Protein chains: 2
Amino acid sequence: MASHTPVPAALDVIAVLQALADPVRLDLVRQLRETDTAIACGRFDTRVAKSTLSHHFKTLREAGVIATHREGGQALNTLRSAELEASFPGLLDAIFRRAHS
Amino acid sequence: MASHTPVPAALDVIAVLQALADPVRLDLVRQLRETDTAIACGRFDTRVAKSTLSHHFKTLREAGVIATHREGGQALNTLRSAELEASFPGLLDAIFRRAHS
DNA sequence: GGCCGTGTTCGACGTTCATGGAACAGCGGG
DNA sequence: CCCGCTGTTCCATGAACGTCGAACACGGCC
């Protein structure tokens, strides 16, 4: 299951930065941030294989950047904005203010 | 030479995040940020070998996070705070507000 | 039950990376 | 001139990473 990955107790700076320091993952986070609604794994705009996508989601989940909850047949992903803002206020703002591509 | 590495024209988000997403490098940046003065490569508080340290400095330099200028017998490193703030305002603040090595 | 859509897991492959030792270059001081 | 200090480069090694295809698990739906 997707929710099998435990949510980290405290957000680790290195883990979060490593999770965001990848073009594909940063783009996923960007899409989550733009819509601000839960997005199923298969609905993202990306060119990588679905197994690769699943791996990236796992990385983001383990870093505490996103949360995944099953609903119906699909896994809905949400950005953990509140937790990120609590640990690193302004981080995503700083990254995406100029982050294109 | 240290100054042989050209300063990147525009700061790349991925490169900056990758540069900061390493415990050793993040600690180097933290030390530079705390003192806010130029620090020679050998003056940093770290446990890695000097060749490893040189490699990390190269990474930080190529990402545009730090600048190195030779003076006397040693290479003085400075944090490129202005450029970082211009490209990603509040990034370092967000990272180090809670980043306790 | 059988099928299909959705995600995850499992190798596997190639690349990148962090690390350290050794050798080298530049520079200053005796 | 030679020695010591500082930092870089070269090479090697082991680990981690990104990528994909195939196989599997789960849940609706006909």
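A note on names: the letters A, B, ... follow the listed sequences, proteins ahead of strands, and every chain is numbered from 1. What you are looking at is a predicted structure, and each value in this text was computed from that prediction instead of being measured.
- Proximity of Thr46(A) to Asp27(A): side-chain heavy atoms (C-beta onward) are nowhere separated by under 4.5 Å.
- When distances are taken from the side chain of Arg61(B) to each of dT8(D), dT19(D), dG7(C), the shortest belongs to dT8(D).
- Contact check, His56(A) against dT19(D): a side-chain N or O comes under 4.0 Å of OP1 or OP2.
- The side chain of Lys50(B) lies closest to dT8(D) when the candidates are dC20(D), dG7(C), dT8(D).
- Phosphate proximity of dT8(D) to Ser54(B): present, with a side-chain N or O under 4.0 Å from OP1 or OP2.
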* Leu26(B) and Phe96(B): CA distance, side-chain angles, deciding distance, side-chain contact (heavy atoms from CB on, under 4.5 Å) verdict -> CA-CA 9 Å; Leu26(B) 191 63; Phe96(B) 287 109; 3.7 Å; yes

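- A salt bridge links Arg33(B) with Asp93(B): at least one charged nitrogen is closer than 4.0 Å to a carboxylate oxygen.
- A donor and an acceptor atom sit less than 3.5 Å apart, one in the side chain of Ser51(B) and one in the base of dG20(C).
- When the P atom of dG26(C) is taken as reference, atom CG of Leu76(B) falls 19 Å away, rounded to whole Å.
- In this structure, the nucleotide among dG7(C), dT6(D), dG18(D) sitting nearest to the side chain of Gln74(A) is dG7(C).
- Residue Ile66(A) contributes atom CD1, which lies 13 Å from atom C1' of dG7(C) at whole-angstrom precision.
- Taking atom CZ on Phe44(A) and atom P on dT6(C), their separation rounds to 14 Å, with Å as the unit.
- Where Ala21(B) and Gly72(B) meet DNA chain C, the nucleotide closest to each residue was compared, and Ala21(B) sits on the side nearer the 5' end.
- Shown here is Glu71(A), whose CD atom has no more than 12 heavy atoms of other residues, nucleotides or ligands within 6.0 Å.
- Checking each of Gln18(B), His56(B), His55(B) against Arg25(B) for a side chain to side chain donor-acceptor pair (under 3.5 Å) leaves exactly one that passes, namely His56(B).
- Spacing between atom CD1 of Ile39(A) and atom C1' of dG7(C) amounts to 16 Å, rounded to whole angstrom units.
- When heavy atoms are screened at a 4.0 angstrom cut-off, Arg43(B) is found touching no nucleic acid atom at all.
- Atom CG in Leu53(A) sits roughly 13 Å away from atom P in dG21(D) (whole-Å rounding).
- Heavy-atom distances to DNA chain D give each of Thr52(B) and Gly73(A) a nearest nucleotide, and the one nearer the 5′ end belongs to Thr52(B).
- When the C1' atom of dC27(C) is taken as reference, atom CD of Glu71(B) falls 14 Å away, rounded to whole Å.
- Under 4.0 angstrom from either OP1 or OP2 of dC27(C) there lies no side-chain N or O belonging to Arg70(B).
- Straight-line distance from the CZ atom of Arg47(B) to the C1' atom of dG20(C): 16 Å, rounded to whole Å.
- Of the listed nucleotides (dT8(D), dA18(C), dG21(C)), dA18(C) has the atom at the smallest distance from the side chain of His55(B).
- Atom NZ of Lys58(B) and atom C1' of dC17(C) are 12 Å apart (whole Å).
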